[in-house]
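Following: one structure in structure tokens, then a few remarks.
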Amino acid sequence: MSSQPHAPSDDALAHSERLRALIHAQIDEAGGAIPFWKFMELALYAPGLGYYSAGAAKFGAAGDFVTAPELGPLFAECIAEAFAPVLREIGADAQFFEIGGGSGAFAGDALAHLAALDATPARYAILEPSADLRERQRAHLQQRLPADLFARVDWVDGPMPGDWQGVLFANEVVDALPTPRFVIGEGEVFEEYVTRDGDGFGRTVHPADALLGSAVRHVERQRGGPLPDGYRSELLPQLPYWVQAVAGGLTRGAMLFVDYGYARREFYRDDRDAGTLRAFHRHQVTGDVFALPGLQDLTASVDFTALAEAGTHAGFEFAGYCNQTSLLLGNRLEQRLAAHEALATDEAGRYTLRQQAKRLTLPGEMGEAFQAIGFAKNVELDHAFLIGDMSHRL
């Protein structure tokens, strides 16, 4: 990188230009416009070029954003505490399925703590679309874990095949699903499309198809009135199909999703009329989602009411909904912090641990913006949501 912290290198700009050309070609092939979700899919996942497919650093201080597992072990250990009773109940065949493994930090800390809790899964499978991230995860976990635990980790190219029992976990995954964008015009529902605009990109709208149109009308009925003209936002009508697909043949077990977002009535407030879509680059948030394709993360907040509907439609029982602070405190955060503080060799180490706990839980940090929702099938997960239940908001 150059000496300017936010200026992309020449190589990075050339990489972005290759992706821009690819997207332009797709727009031309489609007759001049592609749905926004297709632009987002290419920007994030185009093989070798998309943000998550290419090799640039994503996570931590050197990347574009910091996720909870990158801060230290406390987050992963609390999730392990929540899942341990489920894994022990299922027994020797229990599997752990993580979607989007990040740097591998979560898997390393969670597996190590599950082993300490006598709840080691028979297999820890990671669904990671990026070949580059897979290699980083493999290197981290080989160094982090004892050989017998590392031997249980493997990487899969899709949902678990066949029937399986265990737990599914996804942290900051749903926000990165390519999302359609809709616009209300004269009471009608339109879908946002992306066009070429010189060297960059522009927007246009087409009438929404039946799936998106009916999903928007469903939102309007739930919020108690029509969305105003000019209202623009995101909606994932395919979310139920995605949840069903990633759960696959999960016959007994639990699912837990952690992400930032809102319950539906909060998500589609009248004053949130530009939606929640934004881009992250070098820890800066920007509304210009068309800038630097391939070099910035694109993300939209999660409608947790939609996620609740999707989980129950997939045949699971709703287990609970709360913010991240409540999830962690209800799953032994204070005990885990105390245990690590007792092992710290100096005051600086103890201070770092306390700062980690604050970032995870304070309202101005991750505590309230991030929320958790859980589902269970033929097991109990209610114990994970004993503090701060917000189900009434859904």
Side-chain angles (χ1 to χ4, degrees), residues 67-69 74-90 94-100 106 110 113-114 117 119 121 127 159-160 164-175 177 236 239-240 242-248 250-264 301-333 336 360-361 366-394:
T67 64
L74 296 176
F75 177 84
E77 290 181 2
C78 291
I79 302 300
E81 293 275 352
F83 276 145
V86 178
L87 293 167
R88 284 195 296 259
E89 186 182 339
I90 292 170
Q95 304 192 59
F96 196 118
F97 184 28
E98 183 186 1
I99 302 175
F106 176 87
H113 195 52
L114 286 169
L117 294 171
L127 175 57
M160 301 283 251
W164 66 286
Q165 300 181 60
V167 298
L168 180 156
F169 179 65
N171 181 57
E172 292 198 57
V173 171
V174 179
D175 67 80
L177 295 179
L236 274 168
L239 187 60
W242 181 84
V243 170
Q244 203 151 15
V246 295
L250 179 53
T251 57
R252 185 182 180 206
M255 305 191 296
L256 180 61
F257 300 90
V258 179
D259 224 312
Y260 45 82
Y262 314 93
R264 177 166 291 152
S301 296
V302 175
D303 173 358
F304 274 88
T305 304
L307 200 44
E309 292 170 347
T312 52
H313 287 168
F316 289 79
E317 290 186 14
F318 173 78
Y321 168 58
C322 65
N323 64 30
Q324 181 169 292
T325 301
S326 297
L327 180 75
L328 299 181
L329 289 175
N331 290 282
R332 298 177 57 83
L333 174 64
R336 297 315 310 147
L360 290 170
T361 57
M366 295 180 171
E368 288 185 359
F370 283 80
Q371 296 168 12
I373 194 166
F375 304 92
K377 183 184 285 188
N378 301 319
V379 295
E380 290 294 324
L381 189 64
D382 296 8
H383 61 266
F385 294 93
L386 291 179
I387 292 180
D389 179 65
M390 302 194 305
S391 304
H392 60 282
R393 294 191 186 177
L394 294 172

### Task
May I ask you to test the Leu381-Phe375 pair for a side-chain heavy-atom distance under 4.5 Å?
no
### Summary
The ring pair (Phe, Tyr, Trp, His ring centres under 6.0 Å) partners of Phe96 (sequence neighbours excluded) come to Phe83, Tyr124
### Query
Do any pairs count as a salt bridge (Lys or Arg N to Asp or Glu O under 4.0 Å) and have a residue in residues 374-384, sequence neighbours left out, and if so which ones?
none
### Task
Could you check if a side-chain atom of Ile90 sits within less than 4.5 angstrom of a side-chain atom of Val379, using non-hydrogen atoms only?
yes
### Task
Check whether any side-chain heavy atom of Leu327 sits under 4.5 Å from a side-chain heavy atom of Cys78, and report yes or no.
no
## Note on the structure
Residues at least two apart in sequence or cross-chain that pass salt bridge (Lys or Arg N to Asp or Glu O under 4.0 Å) with Glu81, listed by chain then number, are Arg332
### Message
The criterion is side-chain hydrogen bond (donor to acceptor under 3.5 Å, both in side chains); which residues satisfy it with Asn323, sequence neighbours excluded?
### Response
Ser326
#### Entry: Asn171 and Phe75, any side-chain heavy atoms less than 4.5 Å apart
yes
## Note on the structure
The ring pair (Phe, Tyr, Trp, His ring centres under 6.0 Å) partners of Phe169 (sequence neighbours excluded) come to Phe106
### Task
Could you check if a side-chain atom of Leu74 sits within less than 4.5 angstrom of a side-chain atom of Leu333, using non-hydrogen atoms only?
yes
### Message
With heavy-atom distances below 4.5 Å as the criterion, would you say the side chains of Asn378 and Glu89 are in contact?
### Response
no
### Query
By side chain to side chain contact (heavy atoms under 4.5 Å, CB included), which residues pair with Val246, not counting sequence neighbours?
Ile99, Leu168, Trp242
#### Entry: side chain to side chain contact (heavy atoms under 4.5 Å, CB included) partners for Pro159, two or more places apart
none
### Summary
For Phe318, the ring pair (Phe, Tyr, Trp, His ring centres under 6.0 Å) test, sequence neighbours excluded, returns none
### Heavy-atom donor-acceptor pair, Arg336 side chain to Leu328 backbone, under 3.5 Å
no
### Query
Does a sphere of radius 6.0 Å around CZ in Arg88 hold more than 12 heavy atoms from other residues, nucleotides or ligands, not counting ones at 6.0 Å or beyond?
yes
Output side-chain donor-acceptor pairs under 3.5 Å for residues 384-392, partner residues at least two apart or in another chain, one line each.
unit_1, atom_1, unit_2, atom_2, d
Asp389, OD1, Ser391, OG, 2.7
Asp389, OD2, Ser391, N, 3.3
Asp389, OD2, Ser391, OG, 3.1

### Task
Flag the pair Val243 / Val174 as yes when at least one side-chain heavy-atom distance between them is below 4.5 Å, and no otherwise.
no
### Query
Does any non-hydrogen side-chain atom of Asp303 lie less than 4.5 Å from one of Leu236?
no
## Note on the structure
By side-chain hydrogen bond (donor to acceptor under 3.5 Å, both in side chains), Thr325 pairs with (sequence neighbours left out) none
### Task
Could you tell me whether the side chain of Gln324 and the main chain of Ala369 form a donor-acceptor pair under 3.5 Å?
no
#### Entry: side chain to side chain contact (heavy atoms under 4.5 Å, CB included) between Leu177 and Leu239, worked out
CA-CA 9 Å; Leu177 295 179; Leu239 187 60; 4.1 Å; yes
### Query
With sequence neighbours excluded, what pairs up with Tyr321 under the ring pair (Phe, Tyr, Trp, His ring centres under 6.0 Å) test?
Phe304
### Message
Going by salt bridge (Lys or Arg N to Asp or Glu O under 4.0 Å), name the pairs with one or both residues in residues 306-327, residues two or more places apart or in two chains.
### Response
Arg264-Glu309
